[in-house]
Structures are given as C-alpha cells and as structure tokens.
Amino acid sequence: MLLRQFTSLAAILVLWACLALQSAFAAPSKPIGPDIEDYNPPYANDAAVLAWQSAYASGDQVAAERLARARLAIVQRNRPRDVFAILEARFMLGVTLNASGRKTEAEGEFRDGLSWLTKQLAPHPRLRHRSDMSKLALDWARYFEIQLLENLRSQGRLREAAQYQSIIPAALRPVPSDSPEAEVVGIGSLGGIATNLDLGTNSRVRLNDTEAVKRQQLMAQVQKAAKAMDKPGYYEAWKAVLDFDELRHGPAGEQIGYDLVRIAQAALDLGNHVEARTLGGRAETIAMKGEDTSNQLAAALSVQARALEAGGTAAAAEPLLRRALSLRYQDRNPWLKLDLAANLFAQGRLEESEAAYRDSLSISGLPPATREQVQIFAGFLALKQSAYARGMADYRTVCRASAEQAAQAARGSRATFTATHSDEALRDCAIRQALADWDWAQAGGGEASSDTPDALRDEAFMAAQLARSDPSAQALAKAGARAVASRSGVGAQLIEYDQAIAERDRLGAAPPEDWLNALYVPFPAEQQSRLDQLNARIAVLSGQLSTAAPRFWDLRFPQPLSIAAIRARSGPDANLLRPDETVISFMIPSDGRQGLVFAVSKDAAAWARLPFDRAELVSMINALRAQIDPRAYGLGAKSVDVGIGQRGFERSLAWKLYHGLFGDKAIQSVIAAKPNWIIVPSGPLTTLPPSLLLTAPPEAGTEGDFDTEALRRSPWLVRSKALTLLPSISSLRTVRQILAHERRVATDPLIALVDPSFSETAAASSVQASPTRAFATIFRDGLPDVAFLRTLPHLAHAKEEGTALKSVLGAATGSVLFGRAASKDALMTRNLSGALAHVRVIAFATHGFAAGQGDGAAEPMLVLSAAARPEDWVLRASDAAGLNLNAEWVILSGCNTASPDAGVADGLSGFARAFFFAGANSLLVSHWRLDDEIAARLVPSTFQYQRRHPGTSKAQALRHAMLDIIDDPKLDAAHPAFWAPFTLIGEPQ
C-alpha cells in the first residue's frame with residue numbers, strides 16, 4: 001500500500017504540498033495582514049507547480065523532464081544553501097525519470113539526492129533536537145529511500161532492495177518511539193521498509209493518448225489564466241479540469257479533492273464565499289475518506305475558514321483552522337499558522353495574533369520575502385499595543401536585511417535604474433520604520449541611548465532616505481563614481497563594466513523574480529557560454545574598480561547621510577552645508593499615510609508629521625497647476641485652453657500648502673532665518689515649483705486672485721528665500737565633494753541651440769510664431785511624426801534669449817546656433833570632438849515634450865532643427881545621457897522639461913537624470929509652457945545679476961530675476977504662470 005501511495009500522481013501531489021510548503025493548497029490566498037502585500041499569491045504558485053504537474057499527469061515526460069531540470073538549475077544557481085529547495089527539485093527530476101522508464105538515470109538521481117542530503121546535514125547533530133528541521137530532513141530522506149527501493153525492484157534487483165541498508169546518518173534518524181519528541185517528529189523507524197513493500201500493481205488511473213492530450217490542454221488553460229492574472233478565466237479553467245477528472249476518477253476520487261480546493265480558492269478570489277464554503281466542505285468529505293490525507297484535509301478546512309472570514313464570521317472560522325493545525329504534520333505548517341494569525345487579527349485579538357505570527361517564524365518553509373513580511377506585521381502588531389521596543393526591533397532587523405539585499409542587487413545585477421523587488425521591499429520597510437520612529441518619539445521614546453527622541457529622529461532621517469527612489473539621484477551618483485574611477489585610472493574598466501552589465505541584462509541573465517518558476521527555460525548553450533564569459537569578466541572588472549578606487553561602490557550606490565554629517569563644522573563633511581543654508585527633505589508614502597518633513601541646518605535639526613497624505617497633496621498641487629496651465633500633465637484636458645496666466649491663482653490654497661509643508665513650529669525654528677533653502681521633494685512635490693507658495697495668508701480675498709497688483713504684492717516664498725531642489729540628501733555629497741573636486745574649469749562660456757528651423761529647406765518657416773514653447777503628441781509608430789514637426793511654429797523670442805546670453809557671458813561669435821544650425825548633428829559633432837566638455841553654459845530654447853506625451857514618447861525630448869532621419873529631429877533624454885559635459889549650467893528653456901518620466905511619479909525630470917549623468921552641475925528646467933517673451937528675459941537676467949553681483953549664488957540670481965519680472969509694472973506678469981515655471985536643480989552656488 002505504501003509503495004502504491006508514493007508512485008501515484010495523487011500521492012506525488014500530497015508529497016508536494018507536505019514538503020514544499022509553498023503549494024497554493026496550504027498558502028494563504030489573502031494578504032498576510034491588512035496592509036502587507038502578499039508577494040506569493042496563489043496564481044504565481046500555481047503557474048510554477050502546475051506546469052510540471054500538467055506534463056507529468058498527461059504523460060508528457062519530455063516536457064516534465066525539461067521543467068524539472070529547469071527548476072533544479074534555478075535553485076542550484078540562486079539558492080545554493082537551500083537544502084530542501086534543491087532536494088525538492090531533485091525529487092521532481094527523479095520521479096519524472098522513473099515514470100519515463102529511464103530507471104538507471106532515476107536511480108542515480110535518488111542516490112545522489114540521498115548522498116547530498118547526508119553531506120549537507122550530517123555535520124549538524126543539533127538537528128536531532130530541532131523537531132521542525134529534523135522532521136523535514138527525515139521526510140525527505142524517507143521519501144528518497146522509498147523511491148530508490150521501488151526503482152531497484154522495478155529493475156528486477158529484488159535481493160538488492162531487500163538487503164538495502166539506510167544511509168541516513170544517526171544524527172538525522174528518529175528519536176526512540178517512547179521519547180516525547182517522537183510524536184512531534186512523527187516518522188518512526190525505517191527498519192522493515194524493504195521487507196514490507198507491497199509488490200502489487202500501480203493503482204494510478206492511466207490516461208490513453210487522447211485523454212492525456214485533452215487534460216494537458218485543460219491544464220494549459222489553467223496556466224494561461226494564472227500567468228495573465230485572469231481570475232474569472234482561472235476559475236472556469238479549473239472547473240473544466242474538475243469535469244474531466246470526475247469522468248476519469250469518479251465524483252469522490254482523491255484527485256477531485258484537490259480540484260475542489262483549487263476552485264474554492266478561485267471562487268474566493270472572485271468574492272463568492274458561499275460557493276467556496278460549499279466546495280471546501282465537499283473536499284473535506286473526500287479527504288475524510290482517504291488515507292494519510294492530512295494535507296488535503298487541512299487545505300479543505302483552511303479554504304472553508306477563509307470563506308467564513310470573507311462572509312464576516314471570523315470567529316466561526318477559528319475552530320476550523322485550529323482543527324486543521326491539529327492534523328498530522330500540520331502543526332508545523334507555517335501557512336496554516338499565518339491563516340490563524342490573520343484570523344485572530346480580524347477578531348481584534350492583537351496579542352494572540354502577534355504570538356501566532358511569531359510562531360510561524362519559528363517554522364521552516366516560508367520564503368525569505370514572506371518571512372520579512374510576517375516579521376514586519378508582527379512588529380506592526382506590537383506597535384499597535386504600544387510595545388515600541390519589541391516592534392522597532394522587528395522593523396530594524398528587516399530593514400537592515402532589505403538594505404543589504406538591495407545593495408547587493410544594485411551592485412551586480414543591473415545597469416539601468418529599474419526598480420526591483422528588493423528595492424520595493426526596502427522602501428516599504430523604511431517608510432514603516434520612519435513612521436514608527438515618529439510615533440515612539442511622540443510617546444517619549446525608550447531608555448536606551450538609541451531610543452531617545454533625538455536618536456529616533458536621526459534614525460528616521462536615514463530611513464526616509466532609503467524610502468526614496470529617484471532615478472535622478474542615481475544618475476548623479478553614477479556621475480560622481482565615474483569621475484572618481486577616471487581619476488583613479490580605471491575609467492576604461494568602468495566603461496567596459498557597464499557595457500558588460502548591459503549586455504548581460506539584454507541576454508536575460510537576471511534571476512527570475514520567482515526562483516521556483518517552472519516555466520523558466522534554460523539558456524541555449526551558446527547564450528549560456530556568453531553569459532559565463534560576461535560573468536567572469538564582470539567579476540574581474542569589479543575587483544579592479546574596487547582595488548584602484550576603494551570608495552567607488554560607496555559613491556556609485558551612496559548610503560544615506562546622517563544629520564551629524566550634514567551639521568559637521570569640521571572634518572571632511574564640513575562643506576556639505578553652508579551656515580546660511582538649510583536642507584528640507586520630505587517623505588511622502590504612496591498610500592493613505594501622512595508623511596514626514598525634516599529640516600537640518602548647521603545650528604539645529606527638526607522633524608514633523610505632515611498634515612496631508614499623498615492623495616490630498618496631489619489634489620492641491622493639481623488644482624494650482626490647472627490654474628496656471630491646464631494642458632500641463634494633461635490637467636484640465638476637457639476645458640478650453642485660454643492660455644497660460646489667463647486664469648486667477650488661488651493664493652489661499654498656495655498658503656495652505658506652504659503652511660502644511662513648512663509651517664510646523666519645530667520646522668520653522670530651523671528654517672526661518674536661513675535665506676537659502678535646499679529642498680529634497682518627494683512624490684507629487686516634484687511637479688510644483690515651491691517659489692509660488694505663499695508664506696502668509698493673502699490679502700484682498702478671492703478677488704485679488706485675479707488682480708495683477710494684488711498678485712504682485714503677495715508674499716511669495718521667492719521674495720524671501722532662494723530655492724534649489726536636489727534629488728536626494730546624498731546628492732549633497734556628490735555635488736559638493738566628489739564632482740566639485742573633479743570638475744575642470746570650462747574655458748568656453750556658452751553654446752546655445754535656439755529657435756530651430758522645422759523645415760528641411762533653407763527657407764524660413766511660414767508657420768506663425770508661437771507665444772509659448774508648447775508640447776503635443778508628436779509620435780507615430782514609434783518615430784517622430786515629421787509631418788507634425790513641420791507644422792511647429794518658430795519661437796520669435798528664443799533667438800533674442802540666445803543673443804542676450806551671448807552678450808552677458810561674453811561668448812564668441814558662433815556660440816549661438818539658430819535655425820538650421822540648431823541641429824542634433826551640430827551638438828553631437830561638438831561632443832565627439834570634445835569641445836562640448838569645455839563649455840560652461842549649455843542652453844536650449846525650443847519646444848519640449850514630456851515623457852509619455854504621444855505614441856512612443858517613452859522619454860522626454862527637445863525638438864531641434866529638421867534632419868534627414870526622423871529620430872535626428874529630436875534630442876531624447878537618452879541622447880543627452882551620452883554627452884560628455886563639464887557644464888556649470890544646463891538650461892532647458894522648453895516646455896515641461898521638469899516633468900518626471902512617464903510612470904515615475906516620485907522622480908525629478910528625465911532630463912535632470914540624463915544631464916546629471918552626462919556631467920552637468922546644475923540644471924534650470926521648466927514645469928509648464930513658457931511665455932516666449934518672458935523666458936527670453938528671465939534667463940539672461942539671471943546671468944546678468946550674477947555678473948553685476950560677483951559671488952552671488954545661482955539660486956539667488958534666479959530669485960532676483962523672478963522678482964524683476966513680478967515687480968515690473970510694464971510687463972503685467974505678476975501671475976506665477978509667467979515668472980515661476982523655472983526650477984534650479986543641483987548645486988545652488
């Protein structure tokens with residue numbers, strides 16, 4: 001009987017649920033907690049397991065072998081220390097080879113698995129006293145030996161099978177049957193297995209060829225729906241499988257129980273808890289009639305419990321979960337423990353729920369990401385009970401681990417700025433830690449020196465930096481690291497390293513997010529050979545970079561700056577902040593939680609909880625932007641475009657926003673007296689220039705919102721403060737220590753590309769001049785739409801802007817390129833010759849396009865003069881990133897050049913990222929359509945003020961240029977739409 005059990009498909013599936021502990025039968029189909037994302041949903045697990053199950057069940061052993069070998073290759077490469085994961089994959093391969101008749105190969109797999117297990121675990125005698133680990137190790141050893149004995153028998157080697165001696169080491173053998181541990185381990189002696197083997201025929205229901213093909217097709221539909229996250233399709237696909245299996249096995253067959261559990265889970269995901277309860281009850285009845293079906297029964301009870309919870313009766317679900325946990329082996333099933341913990345939480349029993357979550361952590365079998373989530377939620381429950389020390393210990397443990405994982409992933413796995421799972425986990429943990437620090441500090445903190453209110457503030461400041469994800473900051477860090485590598489003589493090695501990383505990424509070498517993905521296909525031999533070469537070369541280059549420039553990796557992936565470092569008055573960090581400056585940083589969570597604001601100067605530091613959540617900030621900022629330029633970011637798309645500055649400006653809302661962001665008394669005590677503010681925005685704050693906020697309630701009521709004189713007299717923030725944005729706190733070190741040290745003196749004052757010609761002929765464009773530097777949809781089939789570009793109007797005042805810059809900066813003739821000369825080819829020619837690296841100010845005055853505006857516009861771009869090829873009409877952000885610059889200023893005097901990349905709401909401009917990476921020190925970028933005449937005056941006035949007042953910072957010069965626009969009665973340009981579009985990003989000095 002025992003032999004038949006383990007050679008049937010149903011028994012293999014039982015074993016799978018018992019040993020892998022990641023099957024959807026046992027895994028919870030709901031989040032671990034109310035605000036913890038479930039990174040291991042049932043659909044992902046189904047897609048991984050069902051592919052092999054489908055092939056195995058239908059008799060397609062070729063596909064089953066491929067999938068099993070792929071699984072083994074993945075775990076051996078990505079999880080070399082995960083003993084049980086590797087055993088699981090070996091077992092899959094062994095039973096597949098056995099089923100395909102390749103008995104000798106299967107025997108080798110079983111013997112290798114046993115030998116490998118003993119070598120890995122035998123040196124650890126303490127396993128004997130770890131009931132969870134010893135039970136799991138013994139389970140695997142027992143199942144491998146059972147399969148080996150059946151394999152020998154099937155080869156006719158009966159005597160060898162009968163005389164087989166267990167090779168399981170004594171440290172892993174079960175304790176005596178009269179020991180208190182025996183019941184927990186639940187294995188018993190292996191003695192007599194060989195002599196008690198049932199030599200009867202296999203009881204598995206065989207499928208003929210037609211049936212095998214049919215079931216494989218049905219399972220393919222299940223996999224397709226699972227991969228597409230198609231919940232209704234997944235439900236219907238499983239029902240079709242059930243109909244098929246009932247015809248083959250009858251309505252009460254063991255396989256039917258598994259099908260019913262799957263369908264019940266799918267019904268729950270569709271919100272049908274009544275049907276899920278009924279299906280789970282039927283599965284329970286089938287399981288009760290079977291032999292050794294504790295896993296199936298536990299799954300049936302668990303799905304019924306979740307159905308009751310979904311129906312609002314959590315208390316009624318608890319007995320079912322406790323009954324499931326009382327079954328054989330199930331007390332060590334972490335997924336059931338998590339089900340119980342979530343159930344207790346739903347009942348409001350926080351202390352018991354926390355204990356159950358912690359209990360699940362003591363059991364092996366949870367994937368690392370899930371363990372982190374569980375520990376985070378256990379900490380959350382502790383904090384809810386005001387047990388701050390216990391809860392913060394959990395947060396600190398997980399955040400440290402997440403930070404290390406993110407750092408390792410960043411240093412070796414990718415060359416782009418794409419977020420990974422480890423990045424997301426780190427950001428989530430860091431936000432939780434920072435907010436918990438705030439709560440504990442408000443409660444008075446703890447007794448330890450690390451838990452005082454000031455220490456908690458400093459810890460939260462560091463955590464908030466980890467919670468950020470700004471590609472511009474990463475680009476700036478890469479530029480700094482590149483400069484250090486060049487100075488250290490390994491610039492060429494860095495270029496080769498980046499190229500090798502990029503090629504490896506293109507070849508798909510990054511490990512799959514789900515390391516148990518059964519759909520993973522091994523690389524072809526030629527591709528794998530190239531990957532091996534790249535990995536070897538990357539390792540060599542990485543070592544050369546570390547040896548020649550020991551600080552290289554710390555610079556490329558900078559760690560958060562501490563408050564102590566920023567406030568330092570001596571030592572290497574003394575220049576991070578000047579005495580007249582303050583740095584103000586925001587942390588804006590992406591959900592409904594209110595964030596934090598930090599302010600640091602040489603004299604003091606403070607923090608405060610923001611009164612707005614992200615949605616409220618987005619609403620207020622969008623309202624203000626819509627009053628300035630409805631077309632920007634697609635706001636007010638259905639309204640009539642009356643032009644910029646033609647609407648009133650709700651000053652009371654601008655005051656409310658200022659007061660919420662900067663008005664806290666503790667924050668004001670740090671920033672009020674400082675004339676120069678360096679702001680590190682987050683989330684929606686990156687889309688609004690802070691200069692247009694009001695520092696006091698406006699006068700003249702709502703009528704003044706439409707009155708030029710009232711607008712002119714308004715207490716704009718720019719009247720009292722010079723404002724600069726940085727993409728991250730760590731950027732202070734990059735711009736003031738690394739790049740400042742590496743920057744060469746630029747000898748050429750200016751290169752300006754202004755008012756390009758949008759006609760392929762030398763004749764001037766007949767299109768009427770535009771009063772604004774605007775954007776529109778310019779792409780067709782992934783390339784710039786030349787027909788549309790020809791209709792772009794020239795900018796009448798852009799040439800004036802370039803000429804004024806030439807005069808102010810004392811630039812030579814030929815430094816201003818306009819018309820046909822303002823071409824991408826001209827820019828790239830200067831870059832290739834190295835001339836561009838000697839220019840101090842690089843300016844563009846043309847039409848700009850934000851990322852995501854138009855078919856194919858995946859990145860922002862500037863339109864330059866007409867060219868033979870459509871792609872040469874525009875300068876994309878990716879083109880800009882390839883430039884070699886040494887510029888003090890890059891001026892992007894085009895529409896919306898400050899907008900974040902499409903889909904990256906937390907980042908500064910894609911242009912900012914590109915030009916920082918190219919080597920720019922500071923950027924002047926715009927947030928909306930520019931008035932052509934005002935832009936032509938404001939930009940040169942900034943440089944004019946610096947020339948008249950030597951030593952004036954860039955930020956102060958821009959501030960005075962803005963005030964000149966506001967206060968000039970001849971311009972009628974007091975509305976912020978005219979004077980506030982520009983933001984300075986980077987070094988303010």
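Just so we're clear, the structure is a prediction, and the values are computed from it rather than from any experiment.
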For [X], is the [atom1] atom crowded, meaning more than 12 foreign heavy atoms sit under 6.0 Å from it?
X: E699; atom1: CD; value: no
X: K656; atom1: NZ; value: no
X: H960; atom1: NE2; value: yes

Roughly how far, to the nearest 0.5 Å, is the [atom2] atom of [Y] from the [atom1] atom of [X]?
X: F915; Y: I891; atom1: CZ; atom2: CD1; answer: 11.5 Å
X: I678; Y: S601; atom1: CD1; atom2: OG; answer: 11.5 Å
X: W438; Y: M587; atom1: CH2; atom2: CE; answer: 11.0 Å
X: L657; Y: E650; atom1: CG; atom2: CD; answer: 11.0 Å
X: M392; Y: L383; atom1: CE; atom2: CG; answer: 7.5 Å
X: R400; Y: L466; atom1: CZ; atom2: CG; answer: 12.5 Å

Determine whether a donor-acceptor pair (N or O, by modelled atom type, separation under 3.5 Å) exists between the side chain of [X] and the backbone of [Y].
X: H949; Y: Y945; value: yes
X: S730; Y: L561; value: no
X: R457; Y: W607; value: no
X: W889; Y: S922; value: no
X: S619; Y: A615; value: no
X: Q946; Y: T942; value: no
X: K602; Y: A574; value: yes
X: R651; Y: G701; value: yes
X: T452; Y: A448; value: no
X: Q442; Y: D439; value: no

Residues E933, R937; criterion side chain to side chain contact (heavy atoms under 4.5 Å, CB included); working and verdict: CA-CA 7 Å; E933 182 179 1; R937 171 172 168 174; over 6 Å; no

Residue pair [X] / [Y]: nearest heavy atoms and the distance that separates them:
X: V670; Y: A604; answer: CG1-O, 3.8 Å
X: A955; Y: T724; answer: CB-OG1, 3.3 Å
X: P981; Y: P976; answer: CD-O, 4.1 Å
X: P589; Y: G595; answer: CD-CA, 3.5 Å
X: A455; Y: S449; answer: CB-O, 3.4 Å
X: T687; Y: R625; answer: O-NH1, 2.6 Å

Option from D437, I588, L435 for which side-chain contact (heavy atoms from CB on, under 4.5 Å) with L596 holds: L435

Is the closest basic N to carboxylate O distance between [X] and [Y] below 4.0 Å?
X: R396; Y: E459; result: yes
X: D967; Y: R719; result: yes
X: R593; Y: D591; result: yes
X: K721; Y: E581; result: no

Side chains of [X] and [Y] in contact at under 4.5 Å (non-hydrogen atoms):
X: I966; Y: V718; value: yes
X: I729; Y: F461; value: yes
X: T582; Y: V600; value: no
X: L971; Y: I934; value: yes
X: L661; Y: L617; value: yes
X: L624; Y: L688; value: yes
X: L984; Y: L723; value: no
X: L711; Y: D705; value: no

Full working for side chain to side chain contact (heavy atoms under 4.5 Å, CB included) between L726 and E987: CA-CA 8 Å; L726 274 181; E987 171 59 72; over 6 Å; no

Strictly by modelled atom types, are [X] and [Y] linked by a side-chain donor-acceptor pair under 3.5 Å?
X: N921; Y: E888; result: yes
X: T708; Y: D972; result: yes
X: Q737; Y: D573; result: yes

Q375 and D394: CA distance, side-chain angles, deciding distance, side chain to side chain donor-acceptor pair (under 3.5 Å) verdict: CA-CA 6 Å; Q375 187 165 5; D394 291 314; 3.2 Å; yes

Listed partners of F649 passing ring pair (Phe, Tyr, Trp, His ring centres under 6.0 Å), at least two apart: W716, H975

Residues in ring pair (Phe, Tyr, Trp, His ring centres under 6.0 Å) contact with F586, at least two apart in sequence or another chain: F662

Option among R578, Q989, Q956 that satisfies the side-chain hydrogen bond (donor to acceptor under 3.5 Å, both in side chains) test with N676: Q956

Residues M462, I563; criterion side chain to side chain contact (heavy atoms under 4.5 Å, CB included); working and verdict: CA-CA 8 Å; M462 302 277 282; I563 288 178; over 6 Å; no

Pairwise salt bridge (charged side-chain N to carboxylate O under 4.0 Å, His left out) hits with a residue in residues 673-691, at least two apart: D603-K674

Side chain to side chain contact (heavy atoms under 4.5 Å, CB included) evaluation trace for W440 with D451: CA-CA 8 Å; W440 196 5; D451 299 334; 3.3 Å; yes

